[in-house]
Enquirer: 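Submitted below is the structure of interest, expressed as structure tokens.
Read the numbers this way: they start at 1 and go in the same order the structure lists the ligands and their atoms.
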Amino acid sequence: MKPLIVANWKMNPTTLKGAKLLFNSIKRGVKNVKNVKVVICPPFVYLPLLGGGLALGAQNVFWENKGVFTGEISPTMLKDLGCQYVIIGHSERRRYFGEIDEVINKKIKAAISAGLNPILCVGETAEEREKGNTGKALKRQLVSALKNVSSSRLRVSGLVIAYEPIWAIGSGKPCSPDEAMGAGIFLRKCLAGLYGRGVSEKISIIYGGSVSAKNAASYITQACLQGLLVGGASLEPKEFVKIVKAAVGLVDGCS
Ligand code: 13P
């Protein structure tokens, strides 16, 4: 599997001009990079305005395709704009917008139906980790997000799982590659339990949380994961391009 490097710009930059500048510098920087899939997830409003050249993803989506849902954006709309990916269940959406597991499950199903590749975020809080409940938290989030998603739908969905320990997000305290590897193995075991080993092995599991150019490669080579979900560092074009370049030629060591 080609490493997948996803930029989650969150609610940044604050102007269209800034967004275009950032997009174009990343595009220039990764122009000659081969064998790495780069996906940019800007705020919704910039999606149709950045121009081509890099794959796009959204940071959220609603679960219906149209109708009386003021303020929402549908999977069909994203697909129509050329989005390939959509981040679903990010911990910031769970925390600030009350997204519960049932909502995330609806969004996953809607995204798959529209032909978008969902990037499902799962991760434990600091408290869950301290109490030794990481596995329990990850399994609950994974199983409920994929409820009633059949094996045949999953196989064509292009689903990506992003392991984002909440305590590592924006904290400057990245998860160690060993711990990320443990979570990755556990998540893949859960997927194998749900869908069988064959299907589970085709799903990319990526890491997010204080990723930098310095630690980027370790999550692929040491933690055996298939890519990265990058927040803060994706707003600094030089740093993000270094992260992408760090992934060139890497394949996870577990396969
Ligand atoms: P940081 O890379 O800023 O820690 O954010 C990670 C994240 O939330 C990506 O979705």
Enquirer: Report yes or no: does a heavy atom of Gly208 sit under 4.0 Å from some atom of ligand 1?
Expert: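 Under 4.0 Å: no for Gly208.
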Enquirer: Please work out, at 4.0 Å between heavy atoms, whether the side chain, the backbone, both, or neither of Asn8 comes within that distance of ligand 1.
Expert: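 Side chain only; the backbone of Asn8 stays clear of ligand 1.
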Enquirer: Give the numbers and elements of all ligand 1 atoms closer than 4.0 Å to a heavy atom of Leu229.
Expert: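 In order of number, 9 (C), 10 (O).
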Enquirer: Write out the residue and atom name of the closest protein heavy atom to atom 5 (O) of ligand 1, then the distance separating them to 0.1 Å.
Expert: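 Sorting protein heavy atoms by distance from atom 5 (O) of ligand 1 puts Lys10 NZ, 3.3 Å first.
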Enquirer: Can you tell me if Asn8 uses its side chain to pair, donor with acceptor, with the backbone of Gly231 under 3.5 Å?
Expert: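 Between the backbone of Gly231 and the side chain of Asn8 there is no qualifying donor-acceptor contact (under 3.5 Å).
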Enquirer: Does even one non-hydrogen atom of Ala233 get within less than 4.0 Å of ligand 1?
Expert: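 Ala233: no contact with ligand 1 (<4.0 Å).
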Enquirer: Quick one: do Val122 and Ile88 end up in the same hydrophobic cluster if we chain Ile, Leu, Val, Met, Phe, Trp and Tyr together by side-chain heavy atoms under 4.5 Å apart?
Expert: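 Yes, because Val122 and Ile88 connect within a single hydrophobic cluster, where side-chain heavy atoms sit under 4.5 Å apart.
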Enquirer: State whether the shortest distance between N or O atoms of Ser171 and N or O atoms of ligand 1 falls below 3.5 angstrom.
Expert: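 Ser171 vs ligand 1: no N/O contact under 3.5 Å.
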Enquirer: Provide the number and element of each atom of ligand 1 under 4.0 Å from a heavy atom of Gly232.
Expert: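 Those atoms are 1 (P), 2 (O), 3 (O).
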Enquirer: Quick check: does Glu92 get an N/O under 3.5 Å from an N/O on ligand 1?
Expert: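 Not met; the criterion fails.
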Enquirer: In the protein, what heavy atom is nearest to atom 2 (O) of ligand 1, and what distance, to one decimal place, separates them?
Expert: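 Checking every protein heavy atom, the shortest distance to atom 2 (O) of ligand 1 gives Gly231 N, 2.9 Å.
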Enquirer: Decide whether Tyr85 and Ile243 are clustered together by the hydrophobic rule: side chain heavy atoms of Ile, Leu, Val, Met, Phe, Trp, Tyr closer than 4.5 Å, transitively.
Expert: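 The answer is no; the residues belong to distinct hydrophobic clusters.
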Enquirer: Run the numbers for me: atoms of ligand 1, each under 4.0 Å from some heavy atom of Gly209, listed by number.
Expert: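 Those atoms are 4 (O), 6 (C).
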Enquirer: Please answer whether the main-chain N or O of Gly135 pairs with a side-chain N or O of Glu124 as donor and acceptor at a distance below 3.5 Å.
Expert: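 Between the backbone of Gly135 and the side chain of Glu124 there is no qualifying donor-acceptor contact (under 3.5 Å).
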Enquirer: Are the side chain of Tyr207 and the backbone of Gln226 linked by a donor-acceptor contact shorter than 3.5 Å?
Expert: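 Not a single qualifying donor-acceptor pair exists.
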Enquirer: Between Tyr219 and Ser176 (side chain of the first, backbone of the second, donor and acceptor by atom type, cut-off under 3.5 Å), is there such a pair?
Expert: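 No, Tyr219 side chain to Ser176 backbone: no donor-acceptor pair under 3.5 Å.
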Enquirer: Checking a contact table here: which protein heavy atom is nearest atom 7 (C) of ligand 1, and how many Å away?
Expert: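 Result for atom 7 (C) of ligand 1: Glu164 OE2, 3.1 Å.
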Enquirer: For atom NZ of Lys27, is the number of surrounding heavy atoms from other residues, nucleotides or ligands below 6.0 Å larger than 12?
Expert: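 More than 12 within 6.0 Å, yes.
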Enquirer: What do you reckon, does Gly170 have a nitrogen or oxygen under 3.5 Å from a nitrogen or oxygen of ligand 1?
Expert: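 Checking ligand 1 against Gly170, an N or O pair does fall under 3.5 Å apart.
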Enquirer: For Glu127, is the CD atom crowded, meaning more than 12 foreign heavy atoms sit under 6.0 Å from it?
Expert: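 No, because the 6.0 Å sphere around CD of Glu127 holds 12 heavy atoms or fewer from other groups.
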